[in-house]
There are 6 protein chains.
Amino acid sequence: MKLSTRNLLSGTIKKVEIGNVNAEITLEIAPGIEIVSVVTKSSAKRLELTEGKTAYGLIKSTDVAIAVD
Amino acid sequence: MKLSTRNLLSGTIKKVEIGNVNAEITLEIAPGIEIVSVVTKSSAKRLELTEGKTAYGLIKSTDVAIAVD
Amino acid sequence: MKLSTRNLLSGTIKKVEIGNVNAEITLEIAPGIEIVSVVTKSSAKRLELTEGKTAYGLIKSTDVAIAVD
Amino acid sequence: MKLSTRNLLSGTIKKVEIGNVNAEITLEIAPGIEIVSVVTKSSAKRLELTEGKTAYGLIKSTDVAIAVD
Amino acid sequence: MKLSTRNLLSGTIKKVEIGNVNAEITLEIAPGIEIVSVVTKSSAKRLELTEGKTAYGLIKSTDVAIAVD
Amino acid sequence: MKLSTRNLLSGTIKKVEIGNVNAEITLEIAPGIEIVSVVTKSSAKRLELTEGKTAYGLIKSTDVAIAVD
């Protein structure tokens, strides 16, 4: 499957925190660089997201804002 | 200024493409790892985004979807 | 590839309009029911989106608002 | 009221699951085709979303990504 | 029509800039307080957005990030 | 820090409701005009969001839809 989504960041799941409705996933995409994702709990279960597993963070380019110092 | 936004990825601007309304910014956040951002042209000018400059990619955790193979 | 994205609507591409930066894709997901997507032009080319092709519309559940009369 | 939002999908509410903060709404927009929406619990109550009711799913065109096999 | 969208900011259109694909709308929601919206050009035409007209800015609560000094 | 985000609405925090995972923040941006934001609970704690504090609501221009009567 090919996606229009521009950013596909490959990484390793470092942490999975399951709430009532949502789950918070921490993905290490490079040594020391992590991204945090919030998905529904049902998606986390369906994808069997667990620590140590390889996964991708998908981010639309319009959802990336830019800041400068 | 402190932000509620969970993901602040520091990087170096690799490419700036200016369109009529939008601008596409490529940010290298780790060796060989790039993210693409689309902001308005006026924001790109206001922030003086140019190649080689240090910048941050800001991404809300709810805007990060997860995929697994 | 499995996605956390809850909504994957399968359909047939009815129209592809290419702009300078973006492309507008019309997808028929059921007889007479269409959804419109805006992706970057480069994504439209990379995915070779053309009329008549089968494609999926991906929508995060938090991006669906509800209205009632 | 007229909306800039391009996608207004009319349907019937099939399921309403209320969490602590959010509510998950399943809307059937065509026979066998459902979309899932997450709104705040307070919005679900204010709009009196209940099974069997007619409702619309509202989705901005920039929030629809495209995938192809 | 009632919307799940939490933020409905009523205002007066101060500026409409039409691009090839998108349009940028500036809405004054209180004396001296403006918000900027980008919608597709076709939506701007369909809604007949012109300076001086009353309009609403609709913003999902999950799309509002918070910053503090 | 300068942001590409077009809408930075300065205000006073009127209400902070903390859930299990998320927090709902009400910000008064002009007399009688409030916006509601949902951030993660951890962000609300990290930014020490409390009633009476000055804060900014940050909204991307593409996340503002327009409605007219």
Subject >> From F:R46 atom CZ to E:I66 atom CD1, the distance as rounded to the nearest 0.5 Å >> reply: 12.0 Å
Subject >> Close contacts, residues 5-16 of chain E versus chain F, judged by heavy atoms under 4.5 Å >> reply: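 Only E:R6, E:N7, E:L9 of residues 5-16 of chain E have a heavy atom under 4.5 Å from chain F.
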Subject >> Closest-packed option against chain F by number of heavy-atom pairs under 4.5 Å, given E:D63, E:N22, E:V68 >> reply: E:D63
Subject >> Residue selection (most heavy-atom pairs with chain F, distance under 4.5 Å) from E:L27, E:T62, E:I25 >> reply: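 That would be E:T62.
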Donor-acceptor pairs under 3.5 angstrom involving side-chain atoms of residues 50-59 of chain F: please list them, not counting sequence neighbours.
residue	atom	partner	partner atom	Å
F:K53	NZ	F:L47	O	3.1
F:K53	NZ	F:E48	O	2.9
F:Y56	OH	E:D69	OD2	2.9

Subject >> Toward chain E: residues of residues 28-44 of chain F with heavy atoms under 4.5 Å >> reply: F:I29, F:A30, F:I33, F:E34, F:I35, F:V36, F:S37, F:V38, F:V39
